[in-house]
2 protein chains.
Amino acid sequence: MTQSPAEMRVALMAVGKRVTPDRELLIDIIGRNPHIDALGIHRLAQDSRPRIGLATVYRTLRLLEELAVVEADRLGEGHSHYEIRGRDHLHLVCANCGEVLDVPSPIDWKGIAREHAFVVTQSRLELVGLCAACRPGVADHSKSIT
Amino acid sequence: MTQSPAEMRVALMAVGKRVTPDRELLIDIIGRNPHIDALGIHRLAQDSRPRIGLATVYRTLRLLEELAVVEADRLGEGHSHYEIRGRDHLHLVCANCGEVLDVPSPIDWKGIAREHAFVVTQSRLELVGLCAACRPGVADHSKSIT
DNA sequence: CTCCGAATGAGAATGATTATCATTATCAAA
DNA sequence: TTTGATAATGATAATCATTCTCATTCGGAG
Ligand SMILES: [Zn+2]
Ligand SMILES: [Zn+2]
Ligand SMILES: [Zn+2]
Ligand SMILES: [Zn+2]
């Protein structure tokens, strides 16, 4: 359940997919930028490969999700953010500035799964609120709530 | 942080919004059908008020979300599902049949919040996996994964 | 009853994501 | 290396959920 940019190569080959330059670049970008979104990935990718299309970004993201190499989270916004699948953790999402804190997961989902005869394959946990910098009384950071 | 179809009336009036027949009907439907989606709500609403528009459903959902009367969850799918805000709980979402189990939340987010100087206003917790009926080796239920 | 702002319905617009299709890249066999 | 089969890609159209617009209707204060 843990992946690294290098292990992706194995995951791809395991299902007969090619390890292309595009795919190596994209997984590398995601690895270096936790919680980045599709457009952000595309923008960064174009620095190295100007002709890469947005469709390839989405296609690759979906493929890597299916291979359980990356995972998507909505993080309170209307689109997805991606990160390499790693240690189980939850997200503290600031509703004001968008800051996302990764916190070790306090959930014993093995126990919960056992208790409910449920096979857990994925956990999405997020707490939305205000980060220290955005506490009431502090000047706006960026994406203020209307 | 807990609401009932009746309390909505108070919440609406508190911010100068009207308690219309549409709104009463919609909140009632959501109350009776946990984890229902916008189209489902619209379909049921039309039984009582054939002329109600989908826009009204979405407008009302957004309003009730802002008033913290209902909350939305993605539940693994590409659209939102709604339920009345009640006891803090997490969702066990079956990736195969779509079944959603509500489980009391095992998360001490007060402690987490304190620890990270974070003011938590909302928690979205879900575990995706396979329910008892969909365990490997069991015949398909409905929405099988491709 | 009359007036005005709130609420609604119908449909256009938007934004994210996916599908299509013609073209290009890859890799193995000849 | 050339060829041929197949996977991957780019450009763009299509989809899907949700939001917006605006003309019309509704509801309640006066
Ligand atoms: Zn903040
Ligand atoms: Zn994270
Ligand atoms: Zn199931
Ligand atoms: Zn629930």
Side-chain angles (χ1 to χ4, degrees), chain A residues 8-9 11-27 29-30 35-43 45-46 48-67 69-82 143 145-146, chain B residues 8-9 11-27 29-30 35-43 45-67 69-82 98 143 145-146:
Chain A
M8 167 209 61
R9 174 181 295 272
L12 284 175
M13 298 179 77
V15 292
K17 298 294 183 179
R18 293 177 183 165
V19 179
T20 67
D22 278 3
R23 288 172 179 169
E24 291 195 303
L25 171 60
L26 294 178
I27 191 72
I29 288 174
I30 299 167
H35 314 123
I36 192 173
D37 59 27
L39 287 180
I41 293 169
H42 186 226
R43 218 175 299 121
Q46 287 182 308
S48 319
R49 323 196 100 228
R51 301 192 47 70
I52 194 172
L54 183 55
T56 295
V57 172
Y58 276 111
R59 267 190 299 245
T60 304
L61 285 171
R62 191 145 54 112
L63 173 59
L64 294 177
E65 270 195 276
E66 285 163 2
L67 296 180
V69 171
V70 307
E71 67 182 306
D73 283 287
R74 201 120 306 224
L75 300 183
E77 294 181 62
H79 59 274
S80 296
H81 293 247
Y82 304 83
K143 318 173 192 166
I145 284 178
T146 49
Chain B
M8 169 208 62
R9 174 181 293 272
L12 283 175
M13 298 179 78
V15 292
K17 299 292 181 180
R18 292 179 184 162
V19 180
T20 67
D22 278 2
R23 288 171 178 168
E24 291 195 304
L25 171 62
L26 294 178
I27 191 72
I29 288 174
I30 299 168
H35 314 123
I36 192 173
D37 60 27
L39 288 180
I41 293 170
H42 186 226
R43 218 174 300 121
Q46 286 182 309
D47 290 344
S48 320
R49 323 197 100 228
R51 304 191 45 69
I52 194 171
L54 182 55
T56 295
V57 172
Y58 276 111
R59 268 190 297 245
T60 304
L61 286 171
R62 190 143 55 108
L63 173 60
L64 294 177
E65 270 195 276
E66 286 162 2
L67 296 180
V69 171
V70 308
E71 67 182 305
D73 282 286
R74 200 120 308 223
L75 300 184
E77 293 181 62
H79 58 275
S80 296
H81 293 247
Y82 304 82
K143 316 172 191 165
I145 285 180
T146 49

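Note that the structure is predicted; figures quoted are calculated from it, not measured.
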Mind checking if G78(B) touches a base, just sugar-phosphate, or nothing, with heavy atoms under 4.0 Å?
sugar-phosphate
Any side-chain N or O of Y58(A) under 4.0 Å from OP1/OP2 of dT17(C)?
yes
Whole angstroms only, please: what is the CG-P distance between D22(B) and dA6(C)?
17 Å
Considering heavy-atom distances to DNA chain D, does R51(A) or H79(B) have its closest nucleotide positioned more toward the 5' end?
R51(A)
Can you measure from CZ (R18(B)) to CE (M13(B)) and round to the nearest 0.5 angstrom?
11.5 Å
Closer than 3.5 angstrom, by distance alone: can the side chain of R9(B) be matched with the main-chain N or O of V19(B) as a donor-acceptor pair?
no
From Y82(B) OH over to T60(B) OG1, what is the distance, rounded to the nearest 0.5 angstrom?
11.0 Å
Please state how far atom CD in E77(B) lies from atom P in dT18(D), giving the value in whole angstrom units.
11 Å
Of dA10(C), dA17(D), dA11(D), the nucleotide closest to the side chain of A55(B) is dA10(C)
Take atom CG of L25(B) and atom P of dT8(C), then tell me their distance rounded to the nearest Å.
11 Å
Within this structure, what is the NE2-to-C1' distance between H42(A) and dA16(C), rounded to whole angstrom?
14 Å
Please tell me which of the listed nucleotides, dG10(D), dT6(D), dA17(D), lies nearest to the side chain of R18(A)?
dT6(D)
Which nucleotide in the set dT19(D), dT17(C), dA8(D) lies at the smallest distance from any side-chain heavy atom of T20(A)?
dA8(D)
From the candidates dA8(D), dT8(C), dT17(C), the one with an atom nearest any side-chain atom of T56(B) is dT8(C)
At under 4.0 Å, does any side-chain N or O of R49(A) touch on OP1 or OP2 of dA25(C)?
no
Nucleotide dA11(D), atom C1' - distance to CD1 of I52(A) in whole Å
14 Å
Can you tell which of dA8(D), dG9(C), dT18(D) lies closest to the side chain of K17(A)?
dA8(D)
Taking CG from D37(A) and P from dG15(C), how many angstroms apart are they, rounded to a whole number?
14 Å
Atom-pair distance (CG on L54(A); P on dA11(D)), nearest Å:
11 Å
Whether H42(A) side chain and I52(A) backbone form a donor-acceptor pair below 3.5 Å:
yes
To the nearest 0.5 Å, what is the distance between CG (L75(A)) and CG (D37(A))?
10.0 Å
Specify the separation, in whole Å, of atom OH of Y82(B) and atom C1' of dA17(D).
9 Å
Mind checking if R59(A) touches a base, just sugar-phosphate, or nothing, with heavy atoms under 4.0 Å?
base
Indicate whether OP1 or OP2 belonging to dA7(C) is found under 4.0 Å from a side-chain N or O atom of R23(B).
yes
